[in-house]
Amino acid sequence: MDREEYVERVLSLVERIPAGRVTTYGALAEAVGVGGPRQVGTVMATYGGPVPWWRVVHADGRLAHEEDDDAARQHHLGEGTPFRPSGKVDMKQAMWWPDVLSAEPGPLLP
DNA sequence: GCGCTGACTGAGG
DNA sequence: TCCTCAGCCAGCG
């Protein structure tokens with residue numbers, strides 16, 4: 001697939017993350033099926049503006065991009081995302097695994 | 001074609 | 001918990 005389509009799939013998955021839940025770069029990469037976590041990171045850094053980027057976190061629950069760390073925390077608090085005392089997201093509760101089929105843009109879903 | 005860079009990850013200390 | 005290191009994959013000079 002070309003880059004545009006890849007970007008579109010990643011963003012569409014991020015949009016599907018329910019409020020109060022999060023997913024990881026690696027999970028998104030796996031759901032799309034192409035590239036790796038870093039590729040997803042690049043996409044988010046470049047095109048992630050319009051989507052709820054704060055719901056995409058590191059594999060261990062740390063919030064991405066420390067400069068916006070505070071803004072992300074506010075969003076999560078507002079959505080009721082489970083946090084650990086350490087200031088990281090509680091991945092056991094908050095992890096949302098993307099539905100692989102959702103990454104398909106075509107009329108694959110009934 | 002080549003090297004650098006990055007919103008990553010997992011293992012080890 | 002935090003830090004480091006190696007592996008990884010694309011985009012961009």
Side-chain angles (χ1 to χ4, degrees):
Chain A
M1 64 182 87
D2 41 17
R3 201 161 73 92
E4 252 181 62
E5 189 180 346
Y6 182 77
V7 169
E8 214 164 300
R9 291 194 188 196
V10 171
L11 294 185
S12 85
L13 282 175
V14 173
E15 283 174 343
R16 288 164 197 267
I17 304 173
R21 308 291 295 280
V22 301
T23 195
T24 68
Y25 293 91
L28 287 174
E30 196 167 312
V32 176
V34 181
R38 314 202 58 160
Q39 172 62 8
V40 174
T42 303
V43 169
M44 292 303 289
T46 310
Y47 308 95
V51 300
W53 52 266
W54 59 89
R55 294 181 190 148
V56 185
V57 301
H58 291 249
D60 61 0
R62 290 187 335 256
L63 301 177
H65 208 236
E66 274 200 37
E67 297 163 20
D68 294 333
D69 171 282
D70 203 51
R73 202 174 300 275
Q74 294 308 312
H75 281 293
H76 284 304
L77 287 176
E79 294 173 355
T81 308
F83 264 84
R84 300 180 65 81
S86 53
K88 298 193 304 188
V89 174
D90 185 339
M91 294 306 283
K92 280 193 173 174
Q93 295 185 59
M95 181 61 183
W96 175 82
W97 199 257
D99 181 355
V100 177
L101 294 179
S102 307
E104 305 295 331
L108 297 177
L109 294 175

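The chains referred to below are lettered A, B, ... by the order of the sequence lines, with proteins before strands, and numbering in each begins at 1. Fair warning: this is a prediction, and the values are worked out from it, not measured in the lab.
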K.L.:
What integer distance in Å separates A:Leu63:CG from B:dA7:C1'?
P.N.:
11 Å

K.L.:
Rounded to whole angstrom units, what separation is found between the OH atom of A:Tyr6 and the P atom of C:dC9?
P.N.:
11 Å

K.L.:
Checking base pairs now: Watson-Crick or wobble, both atom distances under 3.5 Å. What partners B:dA7?
P.N.:
none

K.L.:
Looking at A:His58, I'd like to know whether one of its side-chain N or O atoms comes within less than 4.0 Å of OP1 or OP2 on B:dA7.
P.N.:
no

K.L.:
Across the strands shown, which category fits A:Thr24 at heavy-atom distances under 4.0 angstrom: base, sugar-phosphate, nothing?
P.N.:
sugar-phosphate

K.L.:
A:Lys88 NZ to B:dC8 C1': how many Å, rounded?
P.N.:
15 Å

K.L.:
Look up atom CD in A:Glu8 and atom OH in A:Tyr47, then write down how far apart they are to the nearest 0.5 Å.
P.N.:
11.5 Å

K.L.:
Indicate the ring-plane relationship of A:His75 and A:Trp53, choosing parallel, tilted or perpendicular according to the 30° and 60° boundaries.
P.N.:
perpendicular

K.L.:
Looking only at the side chain of A:Ser86 (C-beta and beyond, no hydrogens), which of the listed nucleotides B:dT9, C:dT1, B:dA7 gets closest?
P.N.:
C:dT1

K.L.:
Could you check whether any side-chain N or O of A:Arg21 sits under 3.5 Å from a backbone N or O of A:Met95, counting only pairs where one atom can act as donor and the other as acceptor?
P.N.:
yes

K.L.:
Find the partner of B:dG13: check Watson-Crick (N1-N3 plus N6-O4 or O6-N4) and G-U wobble (N1-O2, O6-N3) distances, both under 3.5 Å, and reply none if neither fits.
P.N.:
C:dC2

K.L.:
For A:Trp54 and A:His76, which heavy atoms make the closest approach, and how far apart are they?
P.N.:
O-NE2, 2.7 Å

K.L.:
Could you list the protein-to-nucleotides 10-13 of chain C atom pairs, N/O on both sides, closer than 3.5 Å?
P.N.:
unit_1: C:dA10; atom_1: O4'; unit_2: A:Gln39; atom_2: OE1; d: 2.9
unit_1: C:dA10; atom_1: O3'; unit_2: A:Gln39; atom_2: OE1; d: 3.4

K.L.:
Atom CZ of A:Arg55 and atom CD of A:Glu15: how far apart are they, to the nearest 0.5 Å?
P.N.:
10.0 Å

K.L.:
Please report the interatomic distance CH2(A:Trp97) to CG(A:Leu28), rounded to the nearest 0.5 Å.
P.N.:
9.0 Å

K.L.:
Whole angstroms only, please: what is the CZ-P distance between A:Arg62 and B:dC8?
P.N.:
9 Å

K.L.:
Expressed in angstrom and rounded to an integer, what is the separation of A:Trp53 atom CH2 from B:dA7 atom P?
P.N.:
13 Å

K.L.:
Take the protein atom CZ of A:Arg84 and the nucleotide atom P of C:dC2, then report the distance between them rounded to whole Å.
P.N.:
12 Å

K.L.:
Given side chain to side chain contact (heavy atoms under 4.5 Å, CB included), test A:Met44 with A:Val51 step by step and report yes or no.
P.N.:
CA-CA 9 Å; A:Met44 292 303 289; A:Val51 300; 4.0 Å; yes

K.L.:
Touch check for A:Ala59, heavy atoms < 4.0 angstrom, all strands: base, sugar-phosphate only, or nothing?
P.N.:
sugar-phosphate

K.L.:
Quickly work out the A:Asp90 CG to C:dT1 P distance and round it to whole Å.
P.N.:
11 Å

K.L.:
Quickly work out the A:Glu30 CD to B:dC8 C1' distance and round it to whole Å.
P.N.:
14 Å

